[in-house]
Chemist: 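Let me begin by handing over the structure; questions about it come next.
Just so you know, ligand 1 is whichever comes first in the structure, and atom 1 is the first atom listed for that ligand. Quick note: numbers below take in every heavy atom, side chains included, and nothing from hydrogens, waters or symmetry partners.
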Amino acid sequence: MSLPIAIVASGNGTNAQAMIDLMKQGVLDVDIRLIFCNRPNARVIERAKAAGIPWQMEDHKAYPSREAFDAVMTEALKKSGAELIVLAGYMRLLTSTFLDAFKNRVINIHPSLLPAFGGGVHAGPDALAHGVKLSGCTVHFVEMEVDSGPIIIQAAVPCDAEDDEESLMNRIHVLEHRIYPQAVQWIAEGRVHVQGRRVSVAKADRKLAVPGENSLVWPPLEEGF
Ligand code: GAR
């Protein structure tokens with residue numbers, strides 16, 4: 001049976017789109033039960049509509065507190081039957097109410113090689129300002145402390161003095177759209193094991209994807225991703 005998941009997003013939704021596309025191609029074995037969004041004009045809503053996926057928008061500004069908003073979000077996600085909550089560009093802090101309801105079942109993607117440049121919403125520009133030579137993206141389990149949970153997969157990309165935010169983020173996004181669905185697929189296949197901070201992915205009889213030029217992904221991507 002396909003893994004029932006819900007995607008929680010605030011903005012453009014390109015990561016959500018990558019999962020929709022791979023699900024429709026039969027590569028990603030999930031059933032996207034709900035796309036939940038906290039911003040009225042977010043493009044991700046149009047993507048959900050276009051794909052015929054159930055969606056729900058709750059403007060967080062209409063709620064008196066973070067707790068009140070998270071309670072409504074938790075209820076919607078529970079009702080959807082999702083067993084994995086996929087944060088894809090969700091730009092709000094989470095309460096313990098929400099995380100306790102989905103213990104060890106919430107994952108996130110962040111546009112840096114965590115723990116570098118975690119905890120903020122400007123990871124790309126911050127990395128450029130620091131002058132790093134490698135940047136990238138990380139998929140991790142979510143814990144109370146922002147961007148801190150056990151890491152499932154990371155991709156590294158080069159970072160040049162000539163880069164600006166757009167060029168670096170474009171490079172990172174290409175890899176986000178590959179490593180995030182791959183991490184979800186490993187979870188769907190029951191191959192992800194967490195021991196403390198250490199995450200392992202059980203080997204399976206799969207061909208590996210052809211490695212991209214100028215990037216390093218670990219664990220390696222499998223065919224289709
Ligand atoms: C992605 O780059 C993701 O890594 C980042 O937001 C973007 C969402 O893009 N997430 C964070 O910064 C979380 N702290 P998308 O809406 O096109 O998927």
Chemist: So, R191 and E222, do they make that salt bridge, N to O below 4.0 Å?
Modeler: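 Salt bridge present between R191 and E222.
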
Chemist: Cation-pi check, K78 to F102: give yes when NZ or CZ is under 6.0 Å from the six-membered ring centre and within 45° of the ring axis, no otherwise.
Modeler: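 That pair qualifies as a cation-pi contact.
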
Chemist: Name the atoms and distances for all side-chain donor-acceptor pairs under 3.5 Å in residues 49-57, with sequence neighbours left out.
Modeler:
{"residue": "Q56", "atom": "NE2", "partner": "E58", "partner atom": "OE2", "Å": "2.9"}

Chemist: In plain terms, say whether D163 and R171 are close enough for a salt bridge, that is, a side-chain N and a carboxylate O under 4.0 Å apart.
Modeler: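 Looking at R171 together with D163, the answer is yes, because their closest N to O distance falls below 4.0 Å.
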
Chemist: Could you tabulate the donor-acceptor pairs under 3.5 Å formed by side-chain atoms of residues 36-45, not counting sequence neighbours?
Modeler:
{"residue": "N38", "atom": "OD1", "partner": "S10", "partner atom": "OG", "Å": "2.7"}
{"residue": "N38", "atom": "ND2", "partner": "H60", "partner atom": "ND1", "Å": "3.0"}

Chemist: Applying side-chain hydrogen bond (donor to acceptor under 3.5 Å, both in side chains), can you list everything that pairs with D126, at least two apart in sequence or on another chain?
Modeler: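 None.
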
Chemist: Tell me, which residues have any heavy atom less than 4.0 Å from some atom of ligand 1?
Modeler: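 Contacts of ligand 1 under 4.0 Å: N12, G13, T14, N15, G89, M91, I109, H110, P111, H173, E176.
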
